[in-house]
Trainee: 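Sharing a structure with you now.
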Amino acid sequence: MPELPEVETVVRELKQNIVGKSIVKVDELRPDTVFHDFSTLPEYGKVISVNRRGKYIIIDTERNISLIVHLRMTGKLIIVNNEIPVTKHTRAIISFSDNTKLFFNDIRTFGTINIIPGKNKLKFFCKLGCEPFSDEFNTEHLATIFTRKKTPIKNLLLDQNCIAGLGNIYANEILYSCKIAPNRPANILSKTELQLLIDKTREILTEAIKQNGTSISDFRRVDNKSGSFQNFLQIYGKDVCCEGHPVKRIKSGGRSTFYCPECQKEDIE
DNA sequence: AAGGCAGCCTGTAAGC
DNA sequence: TGCTTACAGGCTGCCT
């Protein structure tokens, strides 16, 4: 599942491959993939930058148009030349003037491409929470947004309006690494635990980016290669934790939650 | 207001 | 063997 490290991996590879190329057109092969408010699709010009915000990929162009891609669960951006055929999962194609193309393949069809005027970017992302690597991600900020939130901490880690970029796998890993039980109400976490949460979040995301992300089901890089962080997972999908304790699996916020009842305390230390 | 959860979708795997 | 069912999960929107 593409989460922050997987999206960051794609963004870094796109930077090397499409910056400076002119976008000729964007074709939608399946309805409800490409969204825009233009009466006719605009001229794009060259790609001037590729960036990430949360799990969104932002492609900015010369003519001040932004293509905002969300991979959701199974979306992939694959750089291809003319010889590689469209598959039944190809939802959209971004074509460049040098005849290379960027295929947007997505088995489950939840992924989207939004084409918006650059000036609307702030509005597009206005509800999104803080970036884990930003200064805004600090204990004071977390204490503020967690106040009066009795929701399990795991659910809040997944809430993109609180923190942008975490998904189910990394939320599990971060909480195990902090020895915090996933069902702990967010508002009872201590200042020390919040700091630990911040440190471990950055540590795990940094290592995952270094490993080009986690290919636990079907994440692929732009050259269709896999990431390797799945080899370093400590709790997600495991039967026993690294201390040898049995791992418990529950549903929280409708998602599989793996935790070690021995290591992850439900009470404040 | 806040929180919980169905629904969107399709491929895979398990169960009968 | 072949059908059915459960599951995976990011995000929106509805309901309580």
Side-chain angles (χ1 to χ4, degrees), chain A residues 1-11 28-35 52-58 68-77 86-92 103-114 116 123-129 131-132 142 144-175 182-189 205 208 213-220 224 226-227 229-230 233 235-239 247-259:
Chain A
M1 319 305 145
E3 304 179 32
L4 188 153
E6 292 75 38
V7 176
E8 182 65 27
T9 299
V10 171
V11 164
E28 182 183 53
L29 278 64
R30 185 189 191 278
D32 296 326
T33 304
V34 179
F35 298 89
R52 181 190 58 73
R53 176 76 174 95
K55 298 174 197 168
Y56 292 89
I57 297 161
I58 308 167
I68 301 173
V69 182
H70 199 302
L71 303 174
R72 294 289 185 106
M73 272 93 74
T74 53
K76 299 173 186 67
L77 284 173
V86 167
T87 74
K88 67 171 180 174
H89 296 134
T90 306
R91 310 302 179 193
F103 277 17
F104 182 49
N105 293 352
D106 185 15
I107 294 170
R108 266 172 270 185
T109 75
F110 291 165
T112 54
I113 300 177
N114 279 274
I116 63 169
K123 192 181 162 200
F124 189 92
F125 293 115
C126 66
K127 284 174 70 182
L128 207 55
E131 286 291 325
L142 287 189
T144 306
I145 59 177
F146 288 178
T147 310
R148 303 206 314 272
K149 297 261 191 195
K150 295 173 186 170
T151 305
I153 180 62
K154 162 103 188 306
N155 298 21
L156 279 191
L157 292 184
L158 293 176
D159 186 344
Q160 302 301 298
N161 298 327
C162 288
I163 304 163
L166 302 182
N168 196 40
I169 295 174
Y170 294 108
N172 280 298
E173 293 298 316
I174 290 163
L175 288 172
N183 58 355
R184 289 264 302 280
N187 62 350
I188 63 163
L189 293 185
L205 293 179
T214 304
S215 294
I216 196 112
S217 64
D218 41 21
F219 167 68
R220 289 295 182 275
N224 220 8
S226 311
F229 192 69
Q230 64 275 15
L233 296 176
I235 194 84
Y236 184 89
K238 303 291 180 188
D239 294 325
V247 169
K248 203 166 170 185
R249 178 179 183 163
I250 59 168
K251 281 264 182 192
S252 179
R255 288 180 194 79
S256 289
T257 300
F258 296 86
Y259 74 105

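Here is how names work: the chains are called A, B, and so on, in the same order as the sequence lines, proteins then strands, and each is numbered from 1. Bear in mind the structure is a predicted one, so any value in this text is a computation, not a measurement.
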Trainee: Do you see a donor-acceptor pair shorter than 3.5 Å between the side chains of N187(A) and T147(A)?
Mentor: no

Trainee: Let me know the distance between OH of Y236(A) and P of dC7(C), rounded to the nearest Å.
Mentor: 13 Å

Trainee: Send over the distance from M73(A) CE to dG7(B) C1', rounded to a whole Å.
Mentor: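 About 11 Å, once rounded to whole Å.
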
Trainee: Under 5.5 Å between ring centres and under 30° between planes: true for F110(A) and the base of dC11(C)?
Mentor: no

Trainee: Thinking salt bridges, do K55(A) and E3(A) make one under a 4.0 Å N-O criterion?
Mentor: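 No.
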
Trainee: How long is the line joining CZ of R72(A) and P of dG7(B), in whole Å?
Mentor: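 Taking CZ of R72(A) and P of dG7(B), I get 17 Å after rounding.
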
Trainee: Scan K88(A) against the nucleic acid and name what it touches under 4.0 Å (heavy atoms): base, sugar-phosphate only, or nothing.
Mentor: sugar-phosphate

Trainee: Using a cut-off of 4.0 Å on non-hydrogen atoms, how would the nucleic acid contact of G167(A) be classed: base, sugar-phosphate, or nothing?
Mentor: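 G167(A): backbone/sugar contact only, no base atoms under 4.0 Å.
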
Trainee: When you get a sec, tell me which of dT10(B), dC11(C), dG4(B) is the closest nucleotide to the side chain of Q160(A)?
Mentor: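 Nearest to the side-chain atoms of Q160(A), counting from C-beta on, is dC11(C).
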
Trainee: Would a 4.5 Å heavy-atom cut-off, applied to side chains only, mark L128(A) and Y56(A) as touching?
Mentor: yes

Trainee: Provide, to the nearest angstrom, the distance between the CG atom belonging to D32(A) and the P atom belonging to dT10(B).
Mentor: 12 Å

Trainee: OP1 or OP2 of dC11(C) versus the side-chain N and O atoms of H70(A): is any pair under 4.0 Å?
Mentor: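 Checking H70(A) against dC11(C): at least one side-chain N or O falls below 4.0 Å of OP1 or OP2.
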
Trainee: Does dT10(B) have OP1 or OP2 under 4.0 Å away from a side-chain N or O of T74(A)?
Mentor: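 Answer is no, no contact under 4.0 Å.
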
Trainee: Considering only dG10(C), dC9(B), dT12(C), which nucleotide approaches the side chain of K55(A) most closely?
Mentor: dG10(C)

Trainee: To the nearest Å, how far apart are N114(A) CG and dG10(C) P?
Mentor: 19 Å

Trainee: Decide whether K154(A) and S252(A) meet the rule of one side-chain donor and one side-chain acceptor closer than 3.5 Å.
Mentor: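 No, no side-chain donor-acceptor pair sits under 3.5 Å.
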
Trainee: Let me see the working for F229(A) and Y236(A) under ring-ring contact (aromatic ring centres under 6.0 Å, His included), right down to the final yes or no.
Mentor: CA-CA 12 Å; F229(A) 192 69; Y236(A) 184 89; over 10 Å; no

Trainee: Would you mind reading off the distance between K149(A) atom NZ and dG4(B) atom C1', rounded to a whole angstrom?
Mentor: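 One finds 13 Å between C1' of dG4(B) and NZ of K149(A), rounded.
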
Trainee: Round to a whole Å and report the spacing from CZ of R255(A) to P of dG7(B).
Mentor: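 Taking CZ of R255(A) and P of dG7(B), I get 15 Å after rounding.
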
Trainee: Toward the 5' end of DNA chain B, which comes first, G253(A) or R30(A), by nearest nucleotide?
Mentor: G253(A)

Trainee: dG4(B), dG9(C), dC11(C): which one has an atom nearest the side-chain heavy atoms of N168(A)?
Mentor: dG9(C)

Trainee: Select one nucleotide: of dA2(B), dG11(B), dG9(C), the one nearest the side-chain heavy atoms of H89(A).
Mentor: dG11(B)

Trainee: Separation of I107(A) atom CD1 from dT12(B) atom C1', in whole Å?
Mentor: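 After rounding, the reported distance stands at 10 Å.
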
